[in-house]
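In listed order, ligands and their atoms are each counted from 1.
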Amino acid sequence: MIYLDNNATTRASAKVIAEVTKYLDICYSNASASSAAYTGADVPRREAARLMQEVLKAEEPEAFYFTSGATESNNWIFSSVASTEATGEIYISSIEHPSVRDSADRLQKIGFDLIQLPVHPNGVICLDSLARKLSSKTRLVSVMAANNETGVIQPIEEVGRLIRSKCPSAIFHTDATQAIGRISIDLEDHWSSVDLLSFSAHKFHGPKGIGGVYCRPGLKLQPLLAGGGQEEGLRSGTTNTPGLAGLAAAASEIDVDAYRQVGEKRNYFERRLVEMLPAVIHSFDAPRLVNTSCFSIPGISGDDLALSLAELGIIVGTGSACSSGSLTPPNTLLAMGVDYRLAAGTLRVSLSEATTFQELEVLLEAIVMQTQKS
Ligand code: PLP
């Protein structure tokens, strides 16, 4: 298989698999049991928090809470705001993942004003619009760090600066699911305005079903799940030690500097693609994750092309992985003003560190062959 859908999920590394296996097979005790200090079952959570602190340059490991992934983290953040505030304005960008969009919709239904921030045609959020709209009634602003479909990196530092100058008490959340391991993040420096951040291990070679929330020290999240009191009483449920061990292993292998070489391969792919076909590369001139290429070939259905590539053993994405199966165009492209038919034909090729030039050549040949057939 040639796997080029790394924004949907990534392959677990050998170290991740070994660590997950260890905590399923050998150290399988309950992390909340009084024996945990002897069995080592309390190690994965501690290591996961320590390593996430290192990766994100956060103040302390205590700033991290673990969940089943970014969907849960995003839902938690919005429901936490709803249980502490009665009303106010909630801002999200118009290109957020459905787990943010639908969580924000819920708040709107119970009385919050929901404002969706537009993006420029290249997919970057309109800062002017945000600057004009923020007010003393703003409670929460949620802007994703990098988009899952186009890979566009949002100006988190500038958004944070605007929030702190216009509505200092508002909470700033960023869904960093696609950004971790791919761009450098520093919560004590250029991202120091971020209050809450969500993440998911399976986007950086960890296991599926484990992720978390960074919560700036001093800020309080409201309890999400009642029960055994895990996660400081905020998110009960037996600690997922294999998942946390896998997350910690994946975090320990993050190397953002080395990741930059992926960009040479993505750029090579795009250069060759436009030489061979009249492809339109979305967000080409925007700051993008170096692994992501989102494009349309006029007159070609992205879904049909993706399916015929899958038959050949080449896996690419069409729009958001989480809404695959649906034939509606990616919301992000519609928000950017891309023509409906062109947006509906979108393909997303997302590389990993392991992607080779040879694999990209095979993909390019297959795309040309399949488009000639249709
Ligand atoms: N946020 C973004 C930007 C994503 O790309 C995804 C998954 O595709 C999610 C949230 C959901 O993550 P999870 O699979 O951990 O629920």
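Ligand 1 places these atoms under 4.0 Å from at least one heavy atom of M144: 3 (C). Heavy-atom proximity to H202, at under 4.0 Å, picks out these atoms of ligand 1: 13 (P), 14 (O), 15 (O). Against a heavy-atom cut-off of under 4.0 Å, S200 is close to the following atoms of ligand 1: 13 (P), 15 (O). Atoms of ligand 1 lying under 4.0 Å from at least one heavy atom of N148, given by number and element, are 3 (C), 5 (O). Within the listing of ligand 1, atoms 15 (O) sit less than 4.0 angstrom from a heavy atom of G69.
Using a cutoff of 4.0 Å between basic side-chain nitrogens and carboxylate oxygens, R45 and E231 are scored as salt-bridged. Taking a cutoff of 4.0 Å between a charged side-chain nitrogen and a carboxylate oxygen, E54 and R50 qualify as a salt bridge. Electrostatic pairing of D42 and R46 counts as a salt bridge here, judged by a charged N lying under 4.0 Å from a carboxylate O. With salt bridges taken as basic N to acidic carboxylate O contacts below 4.0 Å, one links R348 and D5.
When side chains are defined from C-beta on, K203 does not count as touching N7, because their heavy atoms never get closer than 4.5 Å.
Under 4.0 angstrom from ligand 1, the non-hydrogen atoms of T177 all belong to its side chain.
In this structure, E96 falls outside the shell of residues with a heavy atom less than 4.0 angstrom from ligand 1. The shell of residues lying under 4.0 angstrom from ligand 1, judged by heavy atoms, excludes K208.
Between K203 and ligand 1, an N or O atom pair is found at a separation short of 3.5 Å. Taking only nitrogen or oxygen atoms, main chain and side chain alike, A146 does not reach within less than 3.5 Å of ligand 1.
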Please evaluate residues F269 and F295 with respect to the criterion ring-ring contact (aromatic ring centres under 6.0 Å, His included), reporting the C-alpha separation (whole Å), side-chain torsions for both, the decisive distance (0.1 Å), and the verdict. CA-CA 11 Å; F269 167 75; F295 60 93; 5.7 Å; yes

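Screening residues 275-289 for side-chain hydrogen bond (donor to acceptor under 3.5 Å, both in side chains), with sequence neighbours left out, gives E270-R288, H282-S296.
The closest heavy-atom contact to atom 10 (C) of ligand 1, among the options N147, I210, D175, comes from D175.
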